[in-house]
Amino acid sequence: MHVSLKKEPKDIKHILYSYLKYWYLFVLGLLIATASVFLYLRYHAIPIYQADSVLLIKDSNATNRVSEIESASDLGLFKSSRDLVNEMGILKSSALMEQALKRIGIYASYSLEGNLKDVAVYEKNLPIHLDVDSLNPPKPGGHYVLKFTGETTYELSTENGTFVPYTFGVPIALGEGSVVVNRNPNIPVDAFKNASLNFSFTDIQAASEYYSSKLAVMPTSEKGGSLLKISLQDPLPERAEELLTTLISIYMEEAVIFNNQLALNTIQIIDSRLMQLTEELTDAEKSVEGYKQRNDLTDVNSDAQMYLESATDSNKQLANYENQLDVLNSISAYIIQSGSELKMIPSTLVVEDPSLQNLILKFNNLQLERQQMLQSTPSTNPLVVRMTGEINALKGNILEALNNVKNGLLITQKNIRSNSQRFQSQIRKVPLAERELTQINRQQSTKNDIYTFLLEKREEAALSLNAPVTNSRIIERPKATRNPVRPNKTSMYLGAFILGIFIPFSGIYVRQKLNDTIQSVEDIVHCTATPVLGKVAHNKERVTVVATAERNTPIAEFFRLIRFNLKFATLGRLSKVILVTSGKKGEGKTFFTINLATSLALAGNKVIALGFDLREPQLMKDLKLLNKKGITDYLSQEVLTLNDVIIPVPDVENFDVIGAGTLASNPGELMISDRIQVLIEELKSSYDYVLIDTAPIGKVADAYGLAPYSDVCIFVVRQQFTSKKELQTIEDIHSNKKIKSPFIVLNDVKMVHGETYGYGKTNKIS
């Protein structure tokens, strides 16, 4: 008859209890994680503050101008078009940051000594100020300790740790340089008398690179606009505010200087051209005056006037192109005359050729970047040399572009001149004197127009030079946050809570996954189809006989339940002989045999237990009975009867035992003795149940020798002791039917919190 096990699904409550039994690990993990975060924040973490500012970057070519800058632009002020991305790059440049650091005077970093950690402090909040000799600055680094001894005196530590007295305002040699420690009259010394002030000199170049990397510049909106948000993080909020304010101020000053340089170059070129035009206009006026005196000219008729107007239009076009050619020639001459000297090219006089305008704009931008770089970098620096090469290459490209534009204008001018010749043929009908006078007047008018145009441009450049305005405006002045932005205490404590739970949880989870021993009935069902008869709770009392009548403990109830399941599993048939074995020593088969026999005896059955573990007998020892003559003696001495080897168990009625007897040197030979069958048959006729405690089946073949005489075989496995691989032997026995009616009992089960004993938690067999 096939017996199957109804598998109980693992519920969430059971899984939760399997973790909650290690509650102390979770409490310990939370305490350690929370304490670690507290100690880190209290004694190691440096609070970081953030200063923010909003800057408006206006394009001089934009419309809707409402500020003073835009109003000046309507008058013709020359301003370069500004790209938002380029301005962001300029703001983040280390050269600009270095100028800001030098202007503020951040030559050293300061901290006050504390009991557990030093506290950073800003120089403006100290009663002293360090003035560094720019010609002989101290070497960056070093560590110095300053103590205030009075309103005019102080002590400073030397390299060997001793303190030397000094007076404020007197130059001293420090760090291979010269510095002056001056008093800050706005801060009293009394608050710092018992304090030790640590300071070390700052590497300005390294500091500028550091702060540039920490500076964040980004548009305030992804949808467009010209507003930039500028942020800087620093442990000292006052320093972050002042550094950001100074950086923006220098940026706006540099923009004004750049525009003024372009205006100056424009004025120089226009002045040169105006001098030449003045001479040409004087000559033209003298020619008109002399020609009229010689020819006594009068008005022309209407037909001649019509031809003259057509010719005038053509000549105006020729004059316009002549003007453009003059401008191109002026720029070419300006570039050629500058030679190796790099000067900015004014873009006001350039003809409307996009490619040429772009080249000139790029040339001027590179020249500005080179000039800014030369403020803090020598001309031999590889970056400056490379940029100089790029500028020279652009100069050649501009000259080539000028020639190309000039050639195009000459071709167009030639076409217009041919049209003008057609009109000239008509004008020949007009008296020669009138025609010549008209030509002279036309040349005079053209020169006069050019002269007026250049005067207007010069005035525009002069106004731009005299108006110190910039296309940038501060919308929100730099302001630091009141609370630190880093570290975030809430996030860190939340992370500590998660980590304090996760680490114990993961440790328990990995331990359970790596543990190859049997943990529950579900593990047995997963490894073998052998039916599970039940389970036995952990023996907390550590006594041998637990299934007594007066006991109502969980372990006693489990044995009663196993007794019921055994009867139910065998469908009520009388199973007199029960073979009890295990995979290895220590799984509790002898303990199980004794208590199952006790439980059966308490139910009114006459039971006998046989100690057939002839190699390492344990039955008599656990019952604390003398191991006199037993099974080995009975099998080897035919004169012995059952009465000679049966021993009643004290305090348990209807329960007898037969011990292993004298240790035999050949237990394997005894297991094939014919007297075993005689022994079993005689016991079956006298007892209701015969329980055989045999050797572990995973070690020797003794259990297989007794299998033919048994009706039921119970394999005892132990929680957290028996490996899952050992169940393969039981599965092999069950699948190949090597032993009749095999069952499994899970021994030494640790009850999780909240689990109860009884039928509600018992594996049912059907």
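Every heavy atom of this structure was used, including side-chain atoms; hydrogens, water molecules and symmetry mates were not.
The closest side-chain heavy-atom distance from Tyr251 to Leu55 is below 4.5 Å. Between Val119 and Glu113, every side-chain heavy-atom pair lies at or beyond the 4.5 Å cut-off. A 4.5 Å side-chain heavy-atom check between Met97 and Leu243 finds at least one atom pair inside the cut-off. Residues Thr153 and Phe148 are not in side-chain contact: their nearest non-hydrogen atoms beyond the backbone lie 4.5 Å or more apart. Counting heavy atoms from C-beta outward, Thr246 and Ile104 have side chains that approach closer than 4.5 Å. For the pair Ile475 and Leu227, the minimum side-chain heavy-atom distance is below 4.5 Å. In this structure, the side chains of Ile391 and Lys395 stay at 4.5 Å or more apart for every pair of heavy atoms. Inter-residue side-chain proximity for Phe201 and Val179 is flagged as met; some heavy-atom pair is nearer than 4.5 Å.
A salt bridge is defined here as a Lys NZ or Arg NE, NH1 or NH2 lying under 4.0 Å from an Asp or Glu carboxylate O, and Glu241 with Arg477 fails to meet this definition.
Taking all atoms of both residues into account, the shortest heavy-atom contact from Pro127 to Ile187 is CB-O, 3.5 Å. Between Ala45 and Pro487, the closest heavy-atom pair is CB-CG, 3.9 Å. When all heavy atoms of Glu98 and Ile204 are compared, the closest pair comes out as CG-CG2, 3.6 Å. Listed here is the closest heavy atom pair of Thr220 and Leu228: CG2-C, 4.1 Å. In plain terms, the two heavy atoms of Thr481 and Tyr49 that are nearest each other are O-CD2, 3.5 Å. The minimum heavy-atom distance between Ser178 and Pro171, with the atom names listed, is OG-CB, 4.3 Å.
Separating the CG atom in Leu56 from the OG atom in Ser226 is a distance of 6.5 Å, to the nearest 0.5 Å. In this structure, CD on Gln372 lies 6.5 Å from OG on Ser93, to the nearest 0.5 angstrom. Summarising the geometry, atom CZ belonging to Arg183 is positioned 11.0 Å from atom CG belonging to Leu126; distances are rounded to the nearest 0.5 Å. Note that CD1 of Ile90 and CD1 of Ile250 are 14.0 Å apart. Values are rounded to the nearest 0.5 Å. One finds the CD atom of Glu476 at 11.5 Å from the CD1 atom of Ile230 (value rounded to the nearest 0.5 Å).
Residues forming a salt bridge (charged side-chain N to carboxylate O under 4.0 Å, His left out) with Lys362 (at least two apart in sequence, or on another chain): none. The salt bridge (charged side-chain N to carboxylate O under 4.0 Å, His left out) search around Asp52 returns none, not counting sequence neighbours. With sequence neighbours left out, the ring pair (Phe, Tyr, Trp, His ring centres under 6.0 Å) criterion links Phe168 to Tyr154. Under the salt bridge (charged side-chain N to carboxylate O under 4.0 Å, His left out) criterion, Glu369 pairs with no residue, sequence neighbours left out. Taking the salt bridge (charged side-chain N to carboxylate O under 4.0 Å, His left out) definition, one finds that Arg103 meets it with Glu253, sequence neighbours left out. Looking at residues two or more places apart in sequence or on another chain, you find no ring pair (Phe, Tyr, Trp, His ring centres under 6.0 Å) involving Tyr107.
The closest donor-acceptor contact from the side chain of Lys214 to the backbone of Gln233 lies at 3.5 Å or more, if one exists at all. Of the possible polar contacts, none joining the Asn125 side chain to the Val121 backbone as a donor-acceptor pair under 3.5 Å is found. Asn488 contributes a side-chain N or O that, together with a main-chain N or O of Ser491, makes up a donor-acceptor pair within less than 3.5 Å. Not one N or O on the side chain of Ser157 forms a donor-acceptor pair closer than 3.5 Å with the backbone of Tyr144. No side-chain donor-acceptor contact under 3.5 Å links Ser212 to the backbone of Glu209. At distances below 3.5 Å, not a single donor-acceptor pair connects side-chain atoms of Asp203 with backbone N or O atoms of Pro140. In this structure, Lys92 contributes its side chain and Leu215 its backbone to a donor-acceptor pair below 3.5 Å. Distance alone, capped at 3.5 Å, places no donor-acceptor pair between the Thr377 side chain and the Leu374 backbone. Without hydrogens or angle criteria, Ser111 side chain to Ala120 main chain gives no donor-acceptor distance under 3.5 Å.
A 6.0 Å sphere centred on CD1 of Ile46 holds no more than 12 heavy atoms belonging to other residues, nucleotides or ligands. By the 6.0 Å contact criterion, CD on Gln205 is open, its count of non-hydrogen atoms from other residues, nucleotides or ligands being 12 or less.
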**Message:** Between Ile172 and Val180, is the side-chain contact (heavy atoms from CB on, under 4.5 Å) condition met? List the steps.
**Reply:** CA-CA 6 Å; Ile172 61 174; Val180 179; over 6 Å; no
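Between Glu123 and Tyr110, the side chains place a donor N or O and an acceptor N or O closer than 3.5 Å (distance only, hydrogens not considered).
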